[in-house]
Amino acid sequence: MDTSLTVVVLAAGLGTRMKSRKAKVLHRAGGRYLVEHVLRTARALAPPERIFVVVGHQSAEVRAAIQTPGIGFGIGFIEQTEQKGTGHALMVAADTLAGLDGRLVILYGDCPLVRPQTLEGLVAAQQSSAAAGAILTAAMDDPTGYGRVLRDRDGQVTGVVEQRAGTPEQLAIREANMGLYCYRAAPFWRHIQELRPDNPAREYYLTDMVEILHRAGHAIAAYRIDDSREVLGINDREELALVDRLLRQRKVRELMLAGVTVEKPETVTVDPDVTIGMDTVVDPFVQILGHTTIGENCRIGACSIIQDSELADEVEVGQFTIVGTSRLERGAHAGPYARLRMENHVGAGAHVGNFVELKKTRLGAGSKAMHLAYLGDSEIGARVNVGAGTITCNYDGTRKHPTKIGAGAFIGSNSTLVAPVEVGDGAYVAAGSVITNEVPADALGVGRARQVNKEDWARKRRELGKAR
Ligand code: UD1
Ligand code: CA
């Protein structure tokens, strides 16, 4: 017997209840498009050439959402230009798929929580019975919106009735159809064209296949799971938020079990591709996003946001600090209240303090910019001290220019470095200078008006005031 699997993911609908201009499967939860989650699960089950996605609404964008992260390679797409229901999607797919034997697993693109193990259980349930198909069901406290599973007196599944078509007695049933199916391909395709839109919504319901196959003398098995939270579908923004929370919980839990301390984990957002080393502590309200890797023994301060960055071991990020596409070497410090905007490299043991912004800047090992500075397009050597209020004037209104500061240099407070400009190794810049020319190595650069004291000036002014 052919036990090969074909997986079909339905992702053509608009998702009216989302109240959105965007196709539902393009909304994001747990750091990924909804359809991307489902595709990843599908890939654990079948080779790409046996995976098909039914697209329709905004199909170009949906295809791109699958192709971009590289999980779409080799999979097939089927266009359902008019969306007349989940059953209609399969009627359209029949042209492409009816020739493929074995088993047919059908998933909905709006069900991102499902895990490969759960689908394997569903497939096994179908295979171990003589049934023509198995549907995944769960008892729900509130099954409103879900199809209800109908059984006869012997407990055999006879059909699924949709919310909009159910009688009050049927709607009182708590066992819900979770929208994941495994059918034997041959009987499924033999009967698919029997679907009719004879329901209040005038849709072709995929769920009617249960009754059609039952009437044709086939048994349908129910693979019942305990926790419906694992297969929740998303129809509106409230469910989107709930599923996002569950996916975030999964990721944070994984990290905690791998040795990361996460304080108030329910407030922390970590994207799926993030890795964090042992004994790192993540404070409340932190967001760690994109392809970020964090080493061991780091501390990420409360309310900080780190995106697409690499932090070596022992790095400390203070509270309210934003780090984007940057690398921080071992023992580096950033924040509180620092912004490492993009493409920065902070050397080992270097410090970036409060209200300091870095953009496309390399700060050498052991260097410090502790307070109130803007360092852009800069190449700063090791053991440099950048005083409070230092600004690199990297933009002339048309173009950006580089600033170079040599190892061991000292930039006095409130200096203005007008780029392109270079300060040599070991040089000093006097506080308050405007530096427009090179400061050679070991020199002192002073670029400010000399101080003048006017003796008795203040006293005379006071006396003049009294005399009036
Ligand atoms: C469906 C089931 C319901 C089940 C629930 C579980 C049907 C008729 N009902 O209802 O029994 O309890 O899922 O979450 O199947 N889609 C298409 N083409 C279409 C219509 C929909 O590709 O013409 C796609 C959508 O993009 C979506 C998925 O199918 O990803 C499910 O459609 P949706 O309208 O959300 O079905 P539900 O009403 O939730
Ligand atoms: Ca749904």
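Just so you know, ligand 1 is whichever comes first in the structure, and atom 1 is the first atom listed for that ligand.
No side-chain donor-acceptor contact under 3.5 Å links Q126 and R184. Inspection of the S4 and R50 side chains reveals an N or O donor paired with an N or O acceptor under 3.5 Å. Using modelled atom types and a 3.5 Å distance limit, the side chains of E296 and T280 yield no donor-acceptor pair. Side chains of E230 and T118: a donor-acceptor N/O pair is present below 3.5 angstrom, by distance only. Inspection of the Y181 and Y223 side chains reveals no N or O donor paired with an N or O acceptor under 3.5 Å. Side chains of N394 and D377: a donor-acceptor N/O pair is present below 3.5 angstrom, by distance only. Side-chain N/O atoms of R248 and T269 include no donor and acceptor closer than 3.5 Å. If you check the side chains of H345 and S326, you find no donor sitting under 3.5 Å from an acceptor.
Checking only distances, Y181 never comes within under 3.5 Å of ligand 1, N or O to N or O. For ligand 1, one of its N or O atoms has an N or O atom of G13 under 3.5 Å away. No N or O atom of Y146 sits closer than 3.5 Å to an N or O atom of ligand 1. At under 3.5 Å, not a single nitrogen or oxygen of G233, backbone or side chain, sits near a nitrogen or oxygen of ligand 1. Residue A12 places at least one N or O, backbone or side chain, under 3.5 Å from an N or O of ligand 1.
Heavy-atom contacts from other residues, nucleotides or ligands closer than 6.0 Å to NZ of K404 number 12 or fewer.
The single protein non-hydrogen atom nearest to atom 8 (C) of ligand 1 is Y205 CD2, 3.2 Å, given as residue, atom name and distance. The nearest protein atom to atom 21 (C) of ligand 1, hydrogens excluded, is given as T86 CG2, 3.8 Å; this is a heavy-atom distance. What sits closest to atom 39 (O) of ligand 1 on the protein, heavy atoms only, is N235 OD1, 3.4 Å. Ranking the protein heavy atoms by distance from atom 30 (O) of ligand 1 puts L10 O, 3.1 Å first. The protein heavy-atom contact nearest to atom 1 (C) of ligand 1 is Y108 CE1, 3.5 Å. Of all protein heavy atoms, the one lying nearest to atom 12 (O) of ligand 1 is N177 O, 2.5 Å. Looking at atom 38 (O) of ligand 1, its nearest protein heavy atom turns out to be R17 NH2, 3.1 Å.
Counting just the N/O/S atoms of D110, the one with the shortest distance to the Ca ion (ligand 2) is named OD2.
Close approach to G147 involves these atoms of ligand 1, each under 4.0 Å from a residue heavy atom: 3 (C), 4 (C), 11 (O), 12 (O).
Of all heavy-atom pairs between R229 and L113, the closest is O-CD1, 3.0 Å. I71 and R43 make their closest contact through O-NH1, 2.8 Å (heavy atoms, listed as atom of the first residue, atom of the second, distance).
Across the listed options E162, E239, H88, E162 owns the non-hydrogen atom lying nearest to atom 11 (O) of ligand 1. If you check each of Q80, M91, Q83 against atom 17 (C) of ligand 1, the one with the closest non-hydrogen atom is Q80. When D110, T207, I234, V160 are ranked by how near their heavy atoms come to atom 35 (O) of ligand 1, first place goes to D110.
Under 3.0 Å from the Ca ion (ligand 2) lies an N/O/S atom of N235, whether from backbone or side chain.
At a 4.0 Å heavy-atom cut-off, ligand 1 touches A11 through the backbone alone. Contacts of K24 with ligand 1, taken as heavy-atom pairs under 4.0 Å, involve the side chain alone.
Residues meeting the ring-ring contact (aromatic ring centres under 6.0 Å, His included) test with Y146, sequence neighbours left out: none.
Cation-pi geometry between R103 and Y183 is not satisfied (NZ or CZ under 6.0 Å from the ring centre, within 45° of the ring normal).
Residue contacts with ligand 1 include G85, since one of its heavy atoms falls under 4.0 Å from the ligand.
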